[in-house]
Protein chains: 2
Amino acid sequence: MRSYNEYCAIAQALDVVGERWSLLIVRELLIQGPSRYTDLRQGLPGIATNLLADRLRELEAAGLVKREEAPPPVATTLFDLTERGRQLEPVLQALGRWGGPLVRRPIGDNEFRSHWLAVPLEAHLKDHRPDAPAQTIEVRTGDQPMLVEVKHGSVDVRPGKADHPDLVLTGTASQVLGLLLNELEFNDAKQRGLKVEGDTRVLTRVQP
Amino acid sequence: MRSYNEYCAIAQALDVVGERWSLLIVRELLIQGPSRYTDLRQGLPGIATNLLADRLRELEAAGLVKREEAPPPVATTLFDLTERGRQLEPVLQALGRWGGPLVRRPIGDNEFRSHWLAVPLEAHLKDHRPDAPAQTIEVRTGDQPMLVEVKHGSVDVRPGKADHPDLVLTGTASQVLGLLLNELEFNDAKQRGLKVEGDTRVLTRVQP
DNA sequence: CGGCATCCTCTTTGATACTG
DNA sequence: CAGTATCAAAGAGGATGCCG
């Protein structure tokens, strides 16, 4: 992209990450950690393969991304954020908070990937009972199950299944999000088709 | 811009403000307040006039910008942020903080406008003596003098001149910034050509 | 398969000129 | 002052091919 050529931190930041797809690539790496090229494509529906290759090179040249050759038997290239790249987290959080209201209104045919749930959940959920024992919620929606772990005052969201989750939520992304973010009443959510199994007290522990 | 079409707050935020120039237009309106078309062009060196018109229409349609017809005798159109637009401030602050280190390294022929000083100064300066009487610093660099007002624990930066500033700084943008952000020693700054007149104790009151 | 590179078409941008 | 009109150049998107 053409540089704005301004002596201004905002403009120079945008010179680096203002191009189409760049910040979404950073989002993927922040949520997913070290990722293969193909996994990145999975999380960026619609990206042209040449653009993904271009952007990864640019981000690498800018020092935000590094590529590592995974040792055998995996023997594949892994892309990961550098420390400088990881420092973009506050930018993505601010964007996510600002964009929240846009997502909550009716949605049509948007693409969805389960791991994107980490954005609103880590932004808005809190552990209100940090001294209580750890609890987990399994969320079944989208392309893979997600695990919400509430422990020691922090809320962690990552792909995976729990052995014995305290609560299991099964439904559409907006149902699950509505309930967890306390924007949809419990009974409304169930009426709209959300399946809730387990100990619902963990909900009030994390809801905003 | 083409929508990313993702059920993700970050992607939907970028659908609205991810286009080239959009966030810089928001920056201008945040710093300058209600502005005329021509003033916006002044603060966005290099923007094509058709693009500025396009972006303003898009931002207006998205509900971030409103246009007001100023009453006579001014009788001109003023563009201003809506409340929703003003809520982008944390996004720009995060971008500005991330981009700070990029600006501090040697710079060549970048364009500069004095009012952009508000970005780093309001991000990093603090009033460490909120109970002391108000003080002002006049900064003379770039296209217009800027006023830094320290009062009641807050630091305000805006265009203008003070009647009796406590301190006047005259020099290049990087000299002034280096001194105010405490990244350049006082004596180094003077040796490189920065002119410092007045009561330098206000410096330690605001420096990070 | 994973990780691209090439080719082609379409859209967006930038530069400049012009207008109510 | 606040734009619109025009046109060349750059970038994005989609399909496909290549190579370990």
Side-chain angles (χ1 to χ4, degrees), chain A residues 1-6 11 14-25 28-29 32-62 65-80 109 111, chain B residues 1-6 11 14-25 28-29 32 34-62 65-80 109-111:
Chain A
M1 187 173 51
R2 192 94 176 262
S3 165
Y4 287 114
N5 209 35
E6 294 184 2
L14 290 172
D15 282 345
V16 179
V17 296
E19 248 175 336
R20 189 161 169 78
W21 295 110
S22 295
L23 279 177
L24 292 189
I25 293 173
E28 286 302 303
L29 293 172
Q32 303 269 47
S35 307
R36 293 178 302 177
Y37 189 87
T38 316
D39 297 334
L40 288 174
R41 286 191 65 177
Q42 253 292 107
L44 298 164
I47 195 172
T49 171
N50 54 351
L51 279 193
L52 178 53
D54 285 355
R55 291 294 175 274
L56 284 171
R57 259 192 305 271
E58 292 163 8
L59 292 172
E60 198 184 352
V65 163
K66 57 176 183 275
R67 74 179 68 203
E68 303 156 354
E69 301 302 323
V74 198
T76 184
T77 314
L78 286 179
F79 297 89
D80 196 10
D109 56 341
E111 296 275 353
Chain B
M1 187 173 51
R2 197 89 175 260
S3 167
Y4 288 114
N5 209 35
E6 293 184 2
L14 290 173
D15 282 345
V16 178
V17 296
E19 250 175 334
R20 191 161 167 77
W21 294 110
S22 295
L23 280 177
L24 292 188
I25 293 173
E28 286 302 303
L29 293 171
Q32 302 270 47
S35 306
R36 293 179 302 178
Y37 189 87
T38 317
D39 296 334
L40 288 174
R41 288 191 61 177
Q42 254 290 109
L44 299 164
I47 195 172
T49 171
N50 55 349
L51 278 194
L52 178 53
D54 285 356
R55 291 295 175 273
L56 284 171
R57 259 192 303 272
E58 293 163 8
L59 292 173
E60 199 185 352
V65 163
K66 57 177 183 273
R67 75 179 68 203
E68 303 157 353
E69 301 303 323
V74 196
T76 183
T77 313
L78 287 179
F79 296 89
D80 195 9
D109 57 341
N110 282 306
E111 296 275 354

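Just so you know, these numbers use all the heavy atoms, side chains as well, and skip hydrogens, waters and symmetry mates. Lettering follows sequence order; numbering is per chain, from 1.
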Over how many whole Å does the gap from [X] atom [atom1] to [N] atom [atom2] extend?
X	N	atom1	atom2	value
Arg41(B)	dA15(C)	CZ	C1'	11 Å
Asn50(A)	dG17(D)	CG	P	16 Å
Leu52(A)	dT6(C)	CG	P	17 Å
Tyr4(B)	dA12(D)	OH	P	9 Å
Glu58(B)	dG3(D)	CD	P	14 Å
Glu69(A)	dC4(C)	CD	P	9 Å
Arg20(B)	dT11(C)	CZ	C1'	16 Å

Just to be sure I understand the rule, does Thr77(A) reach a base, reach only the sugar-phosphate, or reach nothing, if contact means heavy atoms closer than 4.0 Å? sugar-phosphate

For Ala53(A), report the nucleic acid contact type (base, sugar-phosphate, nothing); a contact means any heavy atom under 4.0 Å. sugar-phosphate

Is the phosphate of [N] approached by [X] (side-chain N or O, under 4.0 Å from OP1 or OP2)?
X	N	value
Thr38(A)	dC1(C)	no
Thr49(A)	dG14(D)	no
Arg67(A)	dC4(C)	yes
Arg2(B)	dG14(D)	yes
Arg55(A)	dG11(D)	no
Trp21(B)	dG14(C)	yes

Is Arg55(B) paired with Glu58(B) through a side-chain N to carboxylate O contact shorter than 4.0 Å? yes

Looking only at side-chain atoms of Leu51(A), point me to the closest of dC1(D), dA15(D), dA12(D). dA12(D)

